[in-house]
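Here's the structure we're looking at; comments come further down.
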Amino acid sequence: MRVVSISVNGLKQAAENGFFEWMKELDADVVCVQDLLAKAYEFDDEIFHPEGYEAYFIDGENPEDGGVGIYSRHFPKAIMYGFAYEPADRQGRFIQADFDNVSVAAMLAPCALGDDDKQAEKDGFMNAFMEHLQKTLRKRRQFIFCANMQTAHLVTDASSKYHKMEVSGFLPHERAWFDEVFDSLDYIDAFREVNKGKKQYTWWPEWAKGWRKQAGWRTDYQIVTPGLRNAILDGYIDSATRFSDHAPVIMDYDIEM
């Protein structure tokens with residue numbers, strides 16, 4: 001089973017730049033897309049429904065909040081829109097597809113970089129999602145959360161340029177959130193399970209473009225339940241493919257759909 005997570009900063013723009021041709025060539029089973037930047041009804045055109053894939057979207061009351069979607073080669077047993085946290089559900093930040101042996105979710109955390117007033121909103125979202133992760137562990141199925149978390153976890157997940165900066169996305173309490181998820185709750189950072197290398201980034205901020213080529217962060221994750229640890233086969237960041245300032249995260253799992 002191949003699962004892709006990609007933050008496109010506008011699905012319409014990505015489509016114009018060959019996103020769906022790339023998706024077909026990749027032969028993915030599930031593609032989780034974040035940051036749609038449009039209302040769901042705007043994706044009724046056939047260009048947004050490539051042959052062989054089912055498409056599901058959730059938008060926000062304000063399209064600029066992002067919106068997320070899932071493309072799947074297999075019919076889900078169920079689709080869940082939101083995770084019962086009202087602010088995130090209104091902003092279209094979570095959608096989940098349930099299959100026989102696994103559930104896959106696309107998620108987009110709020111961004112507070114460059115806007116201190118939004119940090120409380122982001123922290124509220126992260127706290128609510130932590131509660132959701134705790135509840136998820138009690139369920140009798142496995143989960144893959146494909147998320148643009150707007151945060152880098154470890155020092156190896158961000159260029160050294162950022163290490164001494166007080167910026168949202170690399171604040172101590174944000175990084176401690178990941179410590180609790182991976183160390184206390186035993187969730188797995190699927191990419192780091194198979195790739196321990198440095199300079200493995202998925203996002204290059206526009207305002208850092210002049211610093212150097214590798215001034216990036218790894219903010220895009222596939223967070224999986226503990227029962228999937230041995231099912232993680234391989235994974236990589238396709239840094240050569242860009243439909244936005246984020247690169248896709250591509251993971252292969254030993255899971256029958």
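- There is a side-chain donor-acceptor pair under 3.5 Å between Q142 and T225.
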- Give the C-alpha distance, both sets of side-chain angles, the deciding distance and a yes or no for side-chain contact (heavy atoms from CB on, under 4.5 Å) between R93 and V68. CA-CA 6 Å; R93 296 194 176 279; V68 294; 5.7 Å; no
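- Taking 4.5 Å as the limit, every side-chain heavy atom of F99 sits out of range of all side-chain heavy atoms of K77.
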- Message: Before you tell me yes or no, could you show the steps for M257 and D29 under side-chain contact (heavy atoms from CB on, under 4.5 Å), namely the whole-Å CA-CA distance, both residues' side-chain angles and the distance that decides it to 0.1 Å?
- Response: CA-CA 9 Å; M257 294 188 69; D29 293 288; 3.7 Å; yes
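- Residues Y187 and T136 meet the side-chain proximity criterion, which asks for heavy atoms closer than 4.5 Å.
- In the hydrophobic cluster analysis, where Ile, Leu, Val, Met, Phe, Trp and Tyr join through side-chain heavy atoms closer than 4.5 angstrom, W22 is grouped together with F20.
- A donor-acceptor pair is defined here as one N or O able to donate and one able to accept, closer than 3.5 Å; such a pair exists between the side chain of T202 and the backbone of D220.
- Heavy-atom minimum distance, K24 versus P50: CE-CB, 3.6 Å.
- One finds the CG atom of D35 at 15.0 Å from the CZ atom of F243 (value rounded to the nearest 0.5 Å).
- Counted by atom type alone, D98 and Q96 present one or more donor-acceptor pairs between their side chains at under 3.5 Å.
- When the ring-ring contact (aromatic ring centres under 6.0 Å, His included) test is applied to H153, the partners found at least two apart in sequence or on another chain are F178, F182.
- Hydrophobic clustering (ILVMFWY, side-chain heavy atoms < 4.5 Å, transitive): L133 and F83 are in one cluster.
- Note that OG of S5 and CE of M107 are 9.5 Å apart. Values are rounded to the nearest 0.5 Å.
- Using modelled atom types, one finds no donor on one side chain facing an acceptor on the other under 3.5 Å when comparing E193 with Q222.
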- Where do I255 and I144 land on the side-chain contact (heavy atoms from CB on, under 4.5 Å) test, with the steps shown first? CA-CA 11 Å; I255 300 173; I144 301 172; 4.3 Å; yes
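- Classified by interplanar angle (parallel below 30°, tilted 30° to 60°, perpendicular above 60°), the ring pair F125/F129 is parallel.
- For the residue pair E121/Q91, the side-chain donor-acceptor check at 3.5 Å is satisfied.
- Between Y236 and V249 the shortest side-chain heavy-atom distance does not fall below 4.5 Å.
- No side-chain heavy atom of L233 sits less than 4.5 Å from a side-chain heavy atom of Y253.
- There is a side-chain donor-acceptor pair under 3.5 Å between T151 and K122.
- When all heavy atoms of V33 and L36 are compared, the pair lying nearest together is CG1-CD2, 3.8 Å.
- For the pair R175 and F170, the cation sits on the ring face: its NZ or CZ lies under 6.0 Å from the ring centre, inside 45° of the axis.
- Linking ILVMFWY side-chain heavy atoms closer than 4.5 Å, directly or via other members, places I70 and F75 in a single hydrophobic cluster.
- Of all non-hydrogen atoms in Y53 and A28, the two that sit nearest each other are OH-O, 2.6 Å.
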- Derivation of the side-chain contact (heavy atoms from CB on, under 4.5 Å) call for M251 and R2: CA-CA 6 Å; M251 299 297 305; R2 172 163 285 186; over 6 Å; no
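- Under a hydrophobic clustering in which Ile, Leu, Val, Met, Phe, Trp and Tyr are joined whenever their side-chain heavy atoms come within less than 4.5 Å, directly or via other members, I237 and V30 fall into the same cluster.
- Side-chain atoms of L11 and L37, non-hydrogen and from C-beta on, never get closer than 4.5 Å to each other.
- A distance-only check finds no donor-acceptor pair linking the side chain of Q150 to the backbone of G169 [under 3.5 Å].
- Using a 4.5 Å heavy-atom cutoff, the side chains of E54 and H74 are not in contact.
- Residue-environment remark: CG (D116) stays at or below the threshold of 12 foreign heavy atoms within 6.0 Å.
- More than 12 heavy atoms of other residues, nucleotides or ligands sit less than 6.0 Å from atom CG of D45.
- For the atom pair R229 CZ and I188 CD1, the distance stands at 4.0 Å (nearest 0.5 Å).
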- Item | Criterion side chain to side chain donor-acceptor pair (under 3.5 Å) on D245 and N9, from CA distance to verdict | CA-CA 8 Å; D245 51 1; N9 292 356; 2.5 Å; yes
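- Donor-acceptor pairing under 3.5 Å is recorded for the side chains of H173 and D123.
- Applying the ring-ring contact (aromatic ring centres under 6.0 Å, His included) test to F57 and every residue at least two apart in sequence or in another chain returns F43, Y71.
- Between V104 and C32, some side-chain heavy-atom pair lies under the 4.5 Å cut-off.
- Between the side chain of E42 and the main chain of K39, a donor-acceptor pair closer than 3.5 Å is present.
- Applying the ring-ring contact (aromatic ring centres under 6.0 Å, His included) test between H246 and each of W217, Y221, W203 identifies W203 as the sole match.
- Taking D27 as the reference, R73 meet the side-chain hydrogen bond (donor to acceptor under 3.5 Å, both in side chains) condition, with sequence neighbours excluded.
- Not one N or O on the side chain of E180 forms a donor-acceptor pair closer than 3.5 Å with the backbone of W177.
- Salt-bridge annotation for R90 and E86: present, with a side-chain N of the basic residue lying under 4.0 Å from a carboxylate O of the acidic one.
- How far CG of D100 is from CZ of R141: 8.0 Å, rounded to the nearest 0.5 Å.
- Taking the charged nitrogens against the carboxylate oxygens, K198 and D157 have no contact shorter than 4.0 Å, which rules out a salt bridge.
- Of the possible polar contacts, none joining the R242 side chain to the P248 backbone as a donor-acceptor pair under 3.5 Å is found.
- Looking at every heavy atom in both residues, A40 comes nearest to D59 through N-OD2, 2.6 Å.
- Atom CG of residue N17 and atom NZ of residue K12 lie 14.5 Å apart, to the nearest 0.5 angstrom.
- The heavy-atom pair separating A84 from D89 by the smallest distance is N-OD2, 3.2 Å.
- Y201 is not listed as a side-chain neighbour of S239, based on a closest heavy-atom distance of 4.5 Å or more.
- Both M126 and Y85 are assigned to one and the same hydrophobic cluster, defined by single-linkage of ILVMFWY side chains at heavy-atom distances under 4.5 Å.
- Residue F191 holds its CZ atom at 14.0 Å from CD1 of I223, rounded to the nearest 0.5 Å.
- Between C111 and K118, the shortest heavy-atom contact is O-CD, 3.7 Å.
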